[in-house]
Colleague: 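My questions all concern the structure below.
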Amino acid sequence: MFVKRIAFVLLIVAGLSRLVGTAVAQSEPQQFVVVYVEFKPANARAGGDVLQQLDALAEDSAGVIRFDVLQQIDRPNFFALFEVWSNAQTFEDFQDSSETQAILTQLTPLLEALLDQRPGNLLTGTVNPRSRHAQARQIFVITHVDVDPQFVPQAQPLLNTFVADSLNDPGVQTFALLSQTPTLNHFQLVETFANQEAFDDHVSAQHTVDFRTATAPFLGAPYDERLYQFVSR
């Protein structure tokens, strides 16, 4: 009888452990990653081709939610990757795979600077599924916001409000605020607009002007806003 009771208790413990493990797995945050890629000007086309190989590999990888290859509009040898993974582990598994490492090895001689990889977490806003039917007109914006560490408590509510206001602007498809891990006073604004006109209207809106004015005293570096277009396979 005693043995049966022990076995029953162990079954309950095992069941609870599975439930706890499931809850932990379900609560894992998505992994967001922004990677800045700078090619030597003469290597822009070749570098873009290699990044598309990486895109194709990512699209077939477990845990990928979104993987965008972006080319800076005013500096065509500057690219960026915007990635969303189901969790940090799936991103690490992709990075560590032999196929990914082989592609990254191809990139190395084409670069004018090391890859600038910035992992982060979503703080507020929405990242919608990529709309592939309007890539030629869409404008993708990544803004690096460097806040002086002592002013983060004052600046973050302003950033949150700015995101909430901007989501209501016409032509906005994605507008989100990411924190950079582990540099928590560095933020990334990730934005997608239907076209250039929608972006121009957004930056001219009064709420944008008010935000830029209010946050200026809290910044530790210039407001770094870069416009990209999607690179399609």
Colleague: What is the distance from atom CG of Leu177 to atom CG of Leu122, rounded to the nearest 0.5 Å?
Modeller: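 Between atom CG of Leu177 and atom CG of Leu122 there are 8.0 Å.
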Colleague: Do the side chains of Phe187 and Gln156 get nearer than 4.5 Å, heavy atoms only?
Modeller: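 Contact flag for Gln156/Phe187 side chains = yes.
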Colleague: Which residue, Trp85, Phe67, Phe91, forms the side-chain contact (heavy atoms from CB on, under 4.5 Å) with Ser61?
Modeller: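 Exactly one candidate clears the test, Trp85.
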Colleague: In residues 29-41, what donor-acceptor pairs under 3.5 Å come from side-chain atoms, sequence neighbours left out?
Modeller:
from: Gln31; atom 1: NE2; to: Gly120; atom 2: O; distance (Å): 3.3
from: Tyr36; atom 1: OH; to: Gln188; atom 2: OE1; distance (Å): 3.0
from: Lys40; atom 1: NZ; to: Pro109; atom 2: O; distance (Å): 3.2

Colleague: Can Phe79 be reached from Ile73 by stepping across I, L, V, M, F, W or Y side chains whose heavy atoms are under 4.5 Å apart?
Modeller: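 Different clusters: Ile73 never reaches Phe79 through Ile, Leu, Val, Met, Phe, Trp or Tyr contacts under 4.5 Å.
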Colleague: Between Asn185 and Val147, is there a donor-acceptor pair closer than 3.5 Å when you use the side chain of the first and the backbone of the second?
Modeller: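 Confirmed, Asn185 side chain pairs with Val147 backbone.
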Colleague: Can you list everything that forms a salt bridge (charged side-chain N to carboxylate O under 4.0 Å, His left out) with Asp49? Sequence neighbours excluded, please.
Modeller: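 Asp49 satisfies salt bridge (charged side-chain N to carboxylate O under 4.0 Å, His left out) with no other residue.
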Colleague: Quick one: pull up CD in Gln180 and CG in Leu184 and give me the separation to the nearest 0.5 Å.
Modeller: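 Atom-to-atom, Gln180:CD and Leu184:CG are 9.0 Å apart.
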Colleague: Output all residues satisfying side chain to side chain contact (heavy atoms under 4.5 Å, CB included) with Ala44, sequence neighbours left out; order by chain, then residue number.
Modeller: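 Side chain to side chain contact (heavy atoms under 4.5 Å, CB included) check on Ala44 returns Asn77.
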Colleague: Measure from the ring center of Phe211 to the ring center of Phe162 and say whether it is less than 6.0 Å.
Modeller: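 Yes, close enough.
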Colleague: Considering non-hydrogen atoms only, spot the tightest contact between Gln101 and Asp96 and give its length.
Modeller: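 Heavy atoms of Gln101 and Asp96 come nearest at CG-O, 4.3 Å.
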Colleague: According to a 4.5 Å side-chain heavy-atom criterion applied to Ile, Leu, Val, Met, Phe, Trp and Tyr, with indirect links allowed, do Phe151 and Tyr223 form part of one hydrophobic cluster?
Modeller: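 Yes, Phe151 and Tyr223 fall within the same hydrophobic cluster.
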Colleague: Spell out, as yes or no, whether a donor-acceptor pair under 3.5 Å connects the side chain of Arg66 to the backbone of Asn128.
Modeller: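 Judged by distance alone, yes, a pair lies under 3.5 Å.
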Colleague: Which residue pairs satisfy the side chain to side chain donor-acceptor pair (under 3.5 Å) criterion with at least one member in residues 203-216, sequence neighbours excluded?
Modeller: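 For residues 203-216: Asp169-His207, Gln206-Asp210.
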Colleague: For the CG atom of Leu115 and the CG atom of Leu104, what is their distance to the nearest 0.5 Å?
Modeller: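 One gets 6.5 Å once the value is rounded to the nearest 0.5 Å.
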Colleague: Take Leu158 and Gln154 through the side chain to side chain contact (heavy atoms under 4.5 Å, CB included) test and state the conclusion after the steps.
Modeller: CA-CA 7 Å; Leu158 297 173; Gln154 294 96 318; 5.8 Å; no
Colleague: How many angstroms lie between atom CG of Leu227 and atom CD of Gln71, to the nearest 0.5 angstrom?
Modeller: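 Answer rounded to 0.5 Å: 13.0 Å.
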Colleague: Is a side-chain donor or acceptor of Thr90 paired with a backbone partner of Asn87 at a separation under 3.5 angstrom?
Modeller: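 Yes, Thr90 side chain to Asn87 backbone: donor-acceptor pair under 3.5 Å.
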Colleague: Identify all side-chain donor-acceptor contacts of residues 189-198 below 3.5 Å with residues at least two apart in sequence or on another chain.
Modeller:
from: Asn195; atom 1: OD1; to: Glu197; atom 2: N; distance (Å): 3.3
from: Asn195; atom 1: OD1; to: Ala198; atom 2: N; distance (Å): 2.9
from: Gln196; atom 1: NE2; to: Asp200; atom 2: OD1; distance (Å): 3.0

Colleague: Can you spot which of Tyr228, Phe175, Phe82, Phe199 makes a ring pair (Phe, Tyr, Trp, His ring centres under 6.0 Å) with Phe140?
Modeller: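 Between Phe140 and the candidates, ring pair (Phe, Tyr, Trp, His ring centres under 6.0 Å) is satisfied uniquely by Phe82.
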Colleague: Could you tell me whether a side-chain N or O of Thr100 sits under 3.5 Å from a main-chain N or O of Phe94, the two making a donor and an acceptor?
Modeller: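 Flag set: sc Thr100 to bb Phe94 pair under 3.5 Å.
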Colleague: Considering non-hydrogen atoms only, spot the tightest contact between Leu123 and Ser179 and give its length.
Modeller: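 Closest approach of Leu123 to Ser179: CD1-CB, 3.7 Å.
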Colleague: Treat each ILVMFWY residue as a node, draw an edge where side-chain heavy atoms are under 4.5 Å apart, and state whether Val163 and Ile142 are in one component.
Modeller: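 Different clusters.
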Colleague: Roughly how far, to the nearest 0.5 Å, is the CD atom of Gln52 from the CD1 atom of Ile103?
Modeller: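 CD of Gln52 is found 11.5 Å from CD1 of Ile103.
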Colleague: Quick check: closest heavy atoms across Leu167 and Val172, and the distance to 0.1 Å?
Modeller: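 Closest approach of Leu167 to Val172: CA-CG1, 4.3 Å.
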Colleague: If you take all heavy atoms of Val64 and Glu59, which pair is closest and at what distance?
Modeller: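 In this case the closest contact between Val64 and Glu59 is CG1-O, 4.0 Å.
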Colleague: Dump the intermediate steps for side chain to side chain contact (heavy atoms under 4.5 Å, CB included) on Asn43 and Leu111, then the final yes or no.
Modeller: CA-CA 8 Å; Asn43 295 336; Leu111 298 172; over 6 Å; no
Colleague: Please determine which of Leu110, Leu70, Val231, Leu107 meets the side-chain contact (heavy atoms from CB on, under 4.5 Å) test together with Leu51.
Modeller: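 When Leu110, Leu70, Val231, Leu107 are each tested with Leu51, the side-chain contact (heavy atoms from CB on, under 4.5 Å) holds only for Leu107.
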Colleague: Mark yes or no for whether Thr183, through its side chain, and His186, through its backbone, hold a donor-acceptor pair below 3.5 Å.
Modeller: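 No, the answer is negative, given that no donor and acceptor are paired below the 3.5 Å cut-off.
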Colleague: Would you name the heavy atoms of Ala176 and Val127 that are closest together and state the gap between them?
Modeller: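 For Ala176 versus Val127, the nearest heavy atoms are CB-CG2, 3.7 Å.
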Colleague: Among all residues two or more places apart in sequence or in another chain, which pass the salt bridge (charged side-chain N to carboxylate O under 4.0 Å, His left out) test with Asp224?
Modeller: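 Here the qualifying residues are Arg226.
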Colleague: Start with the C-alpha distance between Leu81 and Leu54, add both sets of side-chain angles, then the distance that settles side chain to side chain contact (heavy atoms under 4.5 Å, CB included), and finish with yes or no.
Modeller: CA-CA 10 Å; Leu81 304 175; Leu54 193 64; 3.9 Å; yes
Colleague: Quick one about Gln138 and Gln173 (side-chain donor to acceptor, distance below 3.5 Å, no hydrogens or angles considered), yes or no?
Modeller: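 There is such a pair (donor and acceptor under 3.5 Å, judged by atom type) between the side chains of Gln173 and Gln138.
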Colleague: Looking only at side chains, do Asp74 and Gln72 share a donor and an acceptor under 3.5 Å apart?
Modeller: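 Yes, Gln72 and Asp74 have a side-chain donor paired with an acceptor closer than 3.5 Å.
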Colleague: Give the intermediate values and the outcome of side chain to side chain contact (heavy atoms under 4.5 Å, CB included) for residues Asp148 and Leu219.
Modeller: CA-CA 5 Å; Asp148 190 313; Leu219 300 182; over 6 Å; no
